[in-house]
Structures are given as C-alpha cells and as structure tokens.
A.B. asks: 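Next up is a structure, given as structure tokens.
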Amino acid sequence: MPQFTTMQRIEKILKDLVAQAALQHWNINLEEEHIQVQKTRREFEGDFTVVVFPLLRYSKQNPEQTGKFLGSYLVGSSDLIEAFNVIKGFLNLVVAQQYWKDQLDGPLCSHDYGMILPGADAPTVMIEYSSPNTNKPLHLGHIRNNLLGHSVSSILKATGKHVEQVNLVNDRGIHICKSMLAWQKNGNGEDPVSSGMKGDHLVGKYYVRYDQIYKSQVQTLVEKGMPKKEAEAEAEVLKEAREMLRRWEAEDPEVRKLWETMNSWVYAGFELTYKRLGISFDKTYYESETYKLGKELVLKGLNKGVLYQKEDGSIWANLEEEGLDHKLLLRSDGTSVYMTQDVGTAHQRYEESVFDSHIYVVGNEQNYHFQVLTIVLKKLGYAWADKLYHLNYGMVELPEGKMKSREGTVVDADELMDEMEDTARQMSEELGKLEDFTEEEKSRIYRQVGMGALKYFILKVDPKKNMTFDPRESVDFNGNTGSFIQYTYARIRSVLRKGAEKHKGTSQEVLNEKEIALIRIMYDFPEILVEAARTLNPSLLANFLYELAKEFNQFYHDHSILSAETEGQISQRLLLIESAGNIIESGMELLGIEVPERM
RNA sequence: GGCUCCAUAGUUCAAGGGAUAGAAUAGCGGUUUCCUAAACCGUAGAUACAGGUUCGAGUCCUGUUGGAGCUACCA
C-alpha cells in the first residue's frame, strides 16, 4: 500500500486512491483524467468531492452504493481522509485537519508559494504586445492590450517559462505622414517644449488637424458638384500625404528628418505612459526596419510553386483548400503588405531566438489575419508556424457604444490614469486615514490605489470577451475591485506590524471553520497560476484574489487575531494572515498591481 | 452574401459536462466603546427562443432571433 505524505497535493492522493480501489475491486485500470475530483460546494460537508457517476459502469452498482464503497475505502486507506458522506452521486470527503495544518506550517507561508522557478531547460516564450501607432497617443484599447501582455508575461515567468517581451512599433505609413503634413501646414514650428504638451498628444493633435483639413476639402469638392466617393480620393491634402509617403520611402532627407523628429516626440510620450503603466520590453522592433522583410521569403515561395503570380505581377497565396480566400502577399509594384512583413518578422525572430512558442497579443478583429499568417508560413515550409499563438482579446466598449476617434469618444490613456488617481485622492481624503503621512507617501498611495483599480477592472474580465468600460464604475473602490484587495492587504500588514512580537511562525492549535476555509482557498493558488498560464488568462488570478480577500475579511470580522484566547492561537493566526498577505502580494504583482502597507 | 465570435439578475462580471447557476453594483434592512467600516451580515432579483445528445446541459450539436468583428494591391 502506498504511503502518502502531507506534502503531496491532496487531489493527486485522492485520485491515486480511487484508481487503486478500482484496480483491486473492479479489476480496471482507471486513467487519472477519468477520475473527477472537485472542491466540495459550500453547502455540503467536506473538502473534496469525487463525482461517482462516471464510475458506475465499472462498479456495476448504484451511485449511493458506489459512493459509500469508495468512501469507506478511502477513509480506511489513508489517515488524511477523516470522514465521508454521499449525497446523490457525490462522494464528499473530509480531509484531516493535520493536512491543513501542515500546509500552513510548510509551503503556504513561503514567499514564493505556487511559483515555479525556470530550470535550465525552461521553454522560451516570445510575446509581442502593445504595438502602437506613432500618430496618436495610447487609448483605453491599448491599455487592455498592455495590461494583458504584461500580466500574461509575468504569469508565464512565474510558472517556469523563459519570457521575452517584445514590442513592434508601427512607426511608418500614411498615418504618420498625415500628422507630419498637418504639422508642416499649421504647426508654426510648435514642439513639446513650446506647447507644453506631451509629445504623443502633440502629434495626435495634428493627426486630428489633418482630418479636419481633409474633410473640409472633400466638402468643398462635393459642393462643386463632384460625387462624394471621387472627392474623397481627390482631396488635395490626401495626395500630398501620399506624396510624402513616397518621398519617405525614397529616403528623402527632409521628410526623414521631420519623421524622426516627430517620432522622437511620440516615443518620449509613450515612455512616460509605459512607465506609469509599469510595463517595459526586452526588445522593441520598428516597422520602418522590418517592413521590407518577408519579400524574399515570398519570392522563394513563388519559386517553389506554393504561391502564384498574377499577370500584373502581384503575388498571392491560394487558401481555398483551407476554406479561405486568396491573399495578396506582394503588390504589383513589388512592395510588401502587412502580411508580408509579419511573415518576415516571425522568421527573423525565430532565427534570432528559437522560441518554443510565440504569442501575439492583438485584438480579435485580426483573427483572420493571424489565421492566414499561420497557413502562409506553413505553405512556405516552416514547421514552427504551429508555435505561433494569437492571444486575441475582445473590444473595450463604452456604455454608449464603441469608441470612435472621429466622434471624440475615445478614452485617452493618460487622462484616464489622471482621473483614477484623482478619484483615489478624493476618496482617501474623505476617509481621512492618511492625515499623518507626508505628501510623497500620500501621492504614492493615491497612485497605487488609482492604478490598481484601473488594472483590476480590466484584468478581471476574461480576455476573450468584449467588455464594457463604465468610467463611473471603474472608479468605484468598493466590491469586486482592486482597491478591495489592496485594502485587505493593508489590513493584514497593519495587524502583522502590531503583532510582530507574538509571531512565532508555527501552527499548533486546533483550526476553526473559517481558518480552514482560508487555508483551503490559499491552497488553490498554485493550480490557479498554472491554469492562468495555460490559458493565458489573468482573470482567473484576479477572481481568485478577490475570493481570497473576501474570505479573509470574513475571518477578520468574526475572529480577533491579536486578542485570540491563547498565545499559540495568536501566533497561529498571525502565520495564517501572513500567508494570505504573501499570496495577495505575489498574485497582485502578477497582475501588475502594487499593494500598499497602509491606505 | 460568406466566415468567425458573443447572448446569464436592472447593470457589470463568474461558473474546468455535475449537486439548489455564484459575486459585485444599484434597491431595501441591519452591524463600530474591540486588530483600518475602502469592512461585515441579512433581503430580493437571471441562463434570448425552439429542438436534440447525455444518468446529468448555462456549458456540446442543429435551427431561430438579436448583437459584434472580419471578408482592401490599409495596418
């Protein structure tokens, strides 16, 4: 009979025991994945539940009999199982208190509980996110992208992967020419210093200006009797922008100089926004350096006969076999399109660093693009095409509908962050808990709380789903929010400071129901992390931390820590809440959220 | 037109094919001489519709309705 120790995961122990019972009594070799063990629902007695329905075909007995048989078997085979009950087809098992005590005394209080350190042979994951255009500042949609990319990167690192975070800046193209052109026309030499504007906002201002000029020109043409479609193609300023792009591609020194200048303003602005969001990259690629990549690969593909050329010279991939359309890969003038470039950058990155997987954090409106990218790479003969993964996330919408830059309903990233911190400040001042703090300490806390609320609000939603961003709701600091979790942490730290001398770091006393409930939740942390990493889904972690915080607050409300009955109990509770604090801290860090000592 | 995704309390989100569908918020009603009330407790409220598969369906399949995205020699 195998020996089990309290250091093993209990789910594994239960599955092994069930499999053992099946082998001995039903003469059947049960695969582990066919044994269902889940957490017992609150309303029933027990810690873990074996679902017996799937086992009936082997036991040849009814659910009740099968459950009872397995229950007695488990209780008889291991000291870790104390009792059981069977309700319908569910076998509920009570785990011995010693098991929970040993968790608390052992792994739970470790600062890196649940983390997996990357070994020498850790897989390399490359992750591309953010990918901004340089013609306007970042908005709410970018925030979701950046927060997701950063959090997923952190979660992958925490589960033993080697992660390379990369950014691909879209720094060239007609859009930036439009900003440049409008600045030339109306800028009067204005720059970030003279205007006092953040560089990305300044350039964005001229992008808007361009659109105004363009619209009025179209309007004028229409008034002169030109059909609207034609006018939209004939507007003078559009032709000028195209001409500027042509000169840019011809490396015209004057255009290049202006381009470099205005881009440098934007980068300085982005840098501030990134810093504020707390994100950074291992490597930044610029499209101006990569946009010609892929052309050779496409030509090679043409030679191999996996692509075809039309009479006008353009090169295409036929994707009909895959149930899709035909896709252009090189224009008739020989220039690249976005797809060509992505084929090229993927190839380049694989050459630079042989990754085990490559994640693109890009909105779901580009699902088709990435589907095609993988197929084209496979056609070109690259087996690693299967290692590309498109982490597609849903749109962020406002209560009144989609964000539209033309209608000015876009939520600007910088303004939003200002607003969040400002609301945090107002809220805090009303509560008046930080009055003895210095201004620096206060503003640090306002920043932590404001940013925490924003980040949590976005990350708690399943990335795949579209989400509604209600500004009023996002600055709410009550309920299922980042602030709630931060507040819980601050409470824990406060008690720990006051009880430092009584903290012996051991668990000797009998645990009550609330204490066990808290341990049970904390015990799930490693599995939540692994699952969040597997599914690239930080919302699992966010919702877990909320559950943990809620459970702690109940415990805190019902039981005094520092005035517990015995010294041993005080010490044990301090150990318990320290563990909870550690998990909250490290979990929040994986979401990119700081936790304050006080608030 | 074709392809893909989505539809859960008034609202915003949860629910690895498993028990009586959970939270938050808004509403109503409570809790503080006591470790931070940014907290805690109680109350009420939902699976778009119609079939099917299954011992069991919010979850899988088909259809209907409603919404979003994609379907550029744009990125």
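Below, read A as the first sequence line, B as the second, and so on, with proteins coming before strands; counting in each chain starts at 1.
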A.B. asks: Quick one, which residues of residues 33-43 of chain A touch RNA chain B with a heavy atom under 4.0 Å?
C.D. replies: A:Q36, A:V37, A:R41
A.B. asks: Tell me, what's RNA chain B's dot-bracket, Watson-Crick or G-U with both distances under 3.5 Å, | for other-strand, [ ] crossing?
C.D. replies: (((((((..((((....[...)))).(((((.......)))))....(((((..]....))))))))))))....
A.B. asks: Will you find, in the side chains of A:E509 and A:Q572, an N or O donor that is under 3.5 Å from an N or O acceptor?
C.D. replies: no
A.B. asks: Measure from CZ on A:F457 to P on B:U25 and round the result to the nearest Å.
C.D. replies: 13 Å
A.B. asks: What pairs of residues pass the salt bridge (Lys or Arg N to Asp or Glu O under 4.0 Å) test when at least one of them lies in residues 567-580 of chain A, not counting sequence neighbours?
C.D. replies: A:E515-A:R573
A.B. asks: Could you name each residue pair satisfying ring-ring contact (aromatic ring centres under 6.0 Å, His included) that touches residues 552-578 of chain A, not counting sequence neighbours?
C.D. replies: A:F552-A:Y556, A:F555-A:H559
A.B. asks: Counting the atoms with a prime plus P, OP1 and OP2 as sugar-phosphate, which does A:P63 contact under 4.0 Å by heavy atoms, base, sugar-phosphate, or nothing?
C.D. replies: nothing
A.B. asks: Provide a list of protein-nucleic acid N or O atom pairs under 3.5 angstrom, restricted to nucleotides 5-10 of chain B.
C.D. replies:
none

A.B. asks: By nearest atom, which of the nucleotides B:C13, B:C40, B:A19 is closest to the A:F44 side chain?
C.D. replies: B:A19
A.B. asks: Hey, is the side chain of A:Y338 poking within less than 4.0 Å of OP1 or OP2 on B:A75, counting only N and O atoms?
C.D. replies: no
A.B. asks: Ignoring the backbone of A:N480, work out which of B:A24, B:C40, B:A14 is nearest its side chain.
C.D. replies: B:A24
A.B. asks: Is any side-chain N or O of A:K88 closer than 4.0 Å to OP1 or OP2 of B:C55?
C.D. replies: no
A.B. asks: Can you list, in residue-number order, the parts of residues 547-558 of chain A that come under 4.0 Å of RNA chain B, counting heavy atoms only?
C.D. replies: A:K550, A:N553, A:Q554, A:Y556, A:H557
A.B. asks: Considering residues at least two apart in sequence or located in another chain, which fulfil the side-chain hydrogen bond (donor to acceptor under 3.5 Å, both in side chains) criterion with A:K514?
C.D. replies: A:Q554
A.B. asks: Holding to side-chain hydrogen bond (donor to acceptor under 3.5 Å, both in side chains), I want the full list of residues that pass it with A:N135, two or more places apart in sequence or in another chain.
C.D. replies: none
A.B. asks: Partners of A:T335 by side-chain hydrogen bond (donor to acceptor under 3.5 Å, both in side chains), sequence neighbours excluded?
C.D. replies: A:R331, A:D333
A.B. asks: Taking side-chain hydrogen bond (donor to acceptor under 3.5 Å, both in side chains) as the test, write out the residues that go with A:S288, two or more places apart.
C.D. replies: A:D171
A.B. asks: Using a heavy-atom cut-off of under 4.0 Å over every strand shown, decide if A:N543 touches base, sugar-phosphate, or nothing.
C.D. replies: nothing
A.B. asks: Which of residues 489-499 of chain A sit near RNA chain B, with a heavy atom under 4.0 Å from it?
C.D. replies: A:A490, A:R491, A:S494, A:V495, A:K498
A.B. asks: Tell me, which pairs form a ring-ring contact (aromatic ring centres under 6.0 Å, His included) where one or both residues lie in residues 446-466 of chain A, sequence neighbours left out?
C.D. replies: A:F457-A:F469
